[in-house]
Amino acid sequence: MTTNSSTAPAYVYFDNAATTPLDPEVLEAMLPFLQNHYGNPSSLHGPGRQVRAAIENARKTVAHLLNAAPAEIIFTSGGTEADNYAAFGSVRTLGLKHAITSPLEHHAVLHPLQALAKSGEIELHYVKHDAQGALDLGHLEELLATQSRTFVSLMHANNEIGNLNDIAAIGDICARYDAVFHTDTVQTMGHYRHDVQQLKNHFLVGSAHKFHGPKGVGFIYTRSGLQVSPLIHGGSQERNVRSGTENVYGIVGLAKALEIAVRDLAAHHAHVQALKTRFIEKLRAEVEDVQFNGLSEYADKSLYTVLSVSLPPSAISEMLLFNLDISKVAASGGSACTSGAQAGSHVLEALGCDPDRATVRFSMSKMNTEAEVDYAVAVLAKLYRPVAV
């Protein structure tokens with residue numbers, strides 16, 4: 001374990017799917033725009049033009065990394081806004097009457113679509129999945145074949161259980177039925193390569209703080225030729241798509257973080273996958289009756305940064321995260337977006353997971369170490385050690 005001081009141990013941080021530490025290179029890129037370059041990018045004077053140039057250079061960087069055109073990149077406050085923009089904008093601008101998603105999506109997708117269905121603007125349909133959360137793409141095609149032009153939103157990787165969906169195959173199916181395809185790529189942006197010339201999606205999204213950038217900034221890619229109405233009104237910023245003065249230092253940080261992530265992607269992937277494999281092997285050896293949710297344990301079928309662990313029924317199950325926290329291990333129970341809420345995870349509920357088994361999500365980054373994995377496993381092993389009779 002690393003230490004913050006000579007006496008107090010630092011947290012072993014395994015909640016990177018919730019947010020990642022800021023990369024020092026990213027902070028360095030942001031500092032001039034926090035300290036010196038303060039002009040409003042909509043102003044025509046020199047200080048305004050200077051920061052406008054920084055935004056457009058960041059846009060070009062993101063576009064280049066996705067093999068997109070700069071005009072196809074719109075900066076937002078994060079992934080949630082981007083998902084809402086795609087859903088509301090597509091349905092209301094294109095006159096779509098049907099939408100398809102899955103019960104396993106992030107609430108940033110489910111809640112907007114459910115709101116549109118409740119208001120009577122769309123009929124909402126859900127793709128079937130199996131007990132491990134794998135989507136039934138045959139059912140997706142059946143749904144598309146029986147309705148008019150449809151909005152489809154299916155994520156690349158699940159934020160709770162890590163399941164990877166084949167978005168290339170989903171895009172091919174959507175293209176056959178002229179569907180509008182949005183994919184939530186918040187958890188995979190910066191961790192996998194996304195080439196929009198090879199994919200048939202109309203939208204994909206990113207949030208900087210998921211790949212060692214700053215919080216409060218993200219982007220949406222919108223395929224050229226698809227014009228949807230703004231979600232936020234009141235200005236002409238972001239090509240009349242997203243009103244409001246741009247978060248300049250956040251945008252600069254996002255572009256730098258994505259540039260670093262893509263630059264170091266192969267080494268990052270190898271390092272984190274090795275940590276995840278170590279986690280699985282040690283948990284199986286040290287914790288009796290440990291299981292893994294969804295497809296989390298399979299390297300070729302799940303996001304390499306996420307491991308969803310199901311622990312045996314125990315009197316400590318309800319206090320598991322508290323006990324981990326006391327031991328200086330930061331992790332999540334299911335999704336961080338619902339941690340501390342009364343309702344349990346909608347993803348685990350959809351999979352029919354045993355409510356008597358505690359679930360903890362360990363999510364890793366390039367900044368984690370083998371020693372931290374070993375420490376976290378040792379803490380769990382101690383908590384779940386059988387009591388001698």
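Throughout, numbering of the chain's residues begins at 1 and tracks the sequence.
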Please report the shortest heavy-atom distance between Leu140 and Ile170, naming the atom on each side. CD2-CG2, 4.0 Å

Taking salt bridge (charged side-chain N to carboxylate O under 4.0 Å, His left out) as the cut-off, I'd like each qualifying pair that reaches into residues 63-89, sequence neighbours left out, listed once. Glu81-Arg242

Side chains of Asn368 and Asn16: is there a donor and an acceptor less than 3.5 Å apart? yes

With Glu297 as reference, evaluate Arg284, Gln132, Lys276 under the side chain to side chain donor-acceptor pair (under 3.5 Å) test and give the passing residue. Arg284

Mutual orientation of the aromatic rings belonging to His156 and His194 [parallel < 30°, tilted 30-60°, perpendicular > 60°]: perpendicular

Please report the closest heavy-atom contact between Pro112 and Phe88, naming both atoms and the distance. CB-CE1, 3.6 Å

Sequence neighbours left out, what pairs pass salt bridge (charged side-chain N to carboxylate O under 4.0 Å, His left out) with at least one residue falling in residues 133-155? Glu141-Arg176, Arg149-Asp178

Arg278 and Glu370 ion-paired at < 4.0 Å: yes

Residues at least two apart in sequence or cross-chain that pass side chain to side chain donor-acceptor pair (under 3.5 Å) with Glu25, listed by chain then number, are Arg263

Test item: Asp264 side-chain N/O and His268 main-chain N/O as donor-acceptor pair under 3.5 Å: no

Under a 4.0 Å threshold between the charged nitrogen and the carboxylate oxygen, would Asp23 count as salt-bridged to Lys256? no

Could you please spell out the steps behind the side chain to side chain contact (heavy atoms under 4.5 Å, CB included) verdict for Asp184 and Asn159? CA-CA 10 Å; Asp184 182 341; Asn159 53 298; over 6 Å; no

Which residues satisfy the side chain to side chain donor-acceptor pair (under 3.5 Å) test with Tyr249, sequence neighbours excluded? none

Looking at Gln35, I'd like to know if its CD atom is crowded, meaning that more than 12 non-hydrogen atoms belonging to other residues, nucleotides or ligands lie closer than 6.0 Å. yes

Would Asn293 and Ser308 count as having a side-chain donor-acceptor pair, cut-off 3.5 Å? yes

For the ring pair His125 and His98, is the centre-to-centre distance below 6.0 Å? yes

Scan for salt bridge (charged side-chain N to carboxylate O under 4.0 Å, His left out) pairs involving residues 111-121, sequence neighbours excluded, and state none if there are none. Arg92-Glu121

Could you give all pairs that pass the side chain to side chain donor-acceptor pair (under 3.5 Å) test and reach residues 47-61, with sequence neighbours left out? His37-Gln50, Arg52-Glu56, Arg52-Glu246, Glu56-Arg59, Arg59-Glu238

